Protein chains: 2
Amino acid sequence: MARKKPEVNSCDCQGARKSRRRDAVLDAVASSDGHLSAEEVHREAKKRLPGIGIATVYRSLKCLCGCGKVSEFIPPDGVARYEAAGSRGHHDHLVCTACGCFVEAVDPEIERLQERLAARHGFRLEGHRLEIYGLCACCARKK
Amino acid sequence: MARKKPEVNSCDCQGARKSRRRDAVLDAVASSDGHLSAEEVHREAKKRLPGIGIATVYRSLKCLCGCGKVSEFIPPDGVARYEAAGSRGHHDHLVCTACGCFVEAVDPEIERLQERLAARHGFRLEGHRLEIYGLCACCARKK
DNA sequence: AAGATAATGATAACCGTTATCATATGGCGA
DNA sequence: TCGCCATATGATAACGGTTATCATTATCTT
């Protein structure tokens with residue numbers, strides 16, 4: 001007999017069960033400023049569940065990204081960073097090439113033009129990544 | 001006595017010497033469609049200089065990127081890809097999430113708006129990376 | 001409570017990239 | 001042309017973030 005689908009949990013992935021650790025990972029990401037690396041998420045999550053392992057953090061992050069609760073941002077150094085999605089909505093990043101700081105930014109007009117660009121090439125738009133590199137105001141002043 | 005600066009070679013990096021291998025790497029990248037991974041560049045370069053090692057390819061690519069002869073593009077999978085810069089000039093990428101194909105595209109208006117966005121946040125613009133994800137025309141048709 | 005299956009932790013494996021180090025090479029002055 | 005010496009090179013070990021493996025535990029349904 002077909003089993004009933006498990007109740008909704010922090011991850012809506014197909015067949016996923018409720019899990020204290022995944023909740024802890026989501027909470028760790030959601031209660032931070034964002035831009036946490038997996039290792040930093042692990043550190044935060046351990047404050048909630050001391051025994052949680054790094055593998056679980058990676059698995060949970062992947063799951064939470066899959067269901068849209070968390071979004072992944074991969075800066076030029078290739079180390080993935082995570083932030084809670086939804087709360088602040090979509091945004092792009094201005095990355096300082098000197099100090100490595102991030103600034104979040106959105107330009108509705110750019111968003112709109114991207115749709116146009118995708119359409120022009122026959123692409124069905126699903127998402128995008130825009131990163132602008134340069135010197136932040138602080139670093140530009142020092143040079 | 002101060003030595004004279006060596007003559008210009010395929011890499012204008014400060015103090016760089018002319019080198020057959022670096023020339024081979026540049027040629028390998030330049031004579032392809034672009035979007036080659038380091039391993040693929042290595043394979044191409046070996047057709048020109050059979051004994052060339054992978055480490056030299058990585059070193060040469062870094063050097064060539066540094067002086068602007070080659071540009072690096074890091075897709076979502078994190079594996080760097082290289083293409084000759086200059087010839088076709090700057091462009092962004094439309095990446096198909098189904099088949100993984102790339103399409104090059106530029107929208108001058110987006111470029112301009114990015115400058116405005118950077119300025120608005122006090123950033124001194126140095127560069128940017130724009131990748132648009134979606135289904136290419138071919139894959140969209142199949143679904 | 002029992003059975004089925006997803007979740008977990010520890011850790012080995014993976015893999016692209018870099019560092020290391022001994023040797024070879026290029027380019028300059030003589 | 002020769003010799004010097006900094007740069008370039010090749011082989012390979014090391015690195016580091018991420019994933020796979022596997023035995024065990026937790027969760028959900030009946």
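Not measured: the values here are computed from a predicted model. Below, chains carry the letters A, B, ... as their sequence lines are ordered, and counting in each starts from 1.
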Near DNA chain D, counting only heavy atoms under 4.0 Å, which residues of residues 37-44 of chain B show up?
none
Between protein and nucleotides 9-12 of chain D, what N or O pairs are separated by less than 3.5 Å?
from	atom 1	to	atom 2	distance (Å)
D:dT9	OP1	B:Ser19	OG	2.3
D:dT9	O3'	B:Arg21	NH1	2.7
D:dG10	OP1	B:Arg21	NH1	2.9
D:dG10	OP1	B:Gly51	O	3.3
D:dG10	OP2	B:Gly53	N	3.1
D:dG10	OP2	B:Thr56	OG1	2.4
D:dG10	N7	B:Arg59	NH2	2.7
D:dG10	O6	B:Arg59	NH1	3.3

Under 4.5 Å side-chain linkage, directly or through intermediates, the cluster mates of A:Tyr133:
A:Phe73, A:Val95, A:Phe102
With B:Lys47 via side chain to side chain donor-acceptor pair (under 3.5 Å) - residues at least two apart
B:Glu44
Side-chain N or O of A:Tyr58 less than 4.0 angstrom from OP1 or OP2 on D:dT19?
no
Those residues that, when tested against B:Glu72, pass side chain to side chain donor-acceptor pair (under 3.5 Å) (two or more places apart):
B:Tyr82
Donor-acceptor list for residues 116-123 of chain B side chains, cut-off 3.5 Å, not counting sequence neighbours:
from	atom 1	to	atom 2	distance (Å)
B:Arg116	NH2	A:Asp107	OD2	3.1
B:Arg116	NH2	A:Glu109	OE1	3.4
B:His121	ND1	B:Leu117	O	3.1

Within residues 36-66 of chain B or reaching into it, pairs that qualify as ring-ring contact (aromatic ring centres under 6.0 Å, His included) - sequence neighbours excluded:
none
The helix from C:dA1-D:dT30 to C:dA30-D:dT1: angle between end helix axes, five pairs per end, rounded to 10 degrees:
40°
With ILVMFWY side chains joined below 4.5 Å, transitively, what does B:Ile74's cluster contain besides itself?
none
Go through the structure and list residues passing side chain to side chain donor-acceptor pair (under 3.5 Å) with A:Asp92, not counting sequence neighbours.
A:His90, A:His128
With sequence neighbours left out, what residues match A:Arg81 under side chain to side chain donor-acceptor pair (under 3.5 Å)?
A:Glu40
Can you name the residues that form a side-chain contact (heavy atoms from CB on, under 4.5 Å) with A:Thr56, not counting sequence neighbours?
A:Arg21, A:Ile52, A:Arg59, A:Ser60
Between atom CZ in A:Arg17 and atom P in D:dT25, what is the gap in whole Å?
16 Å
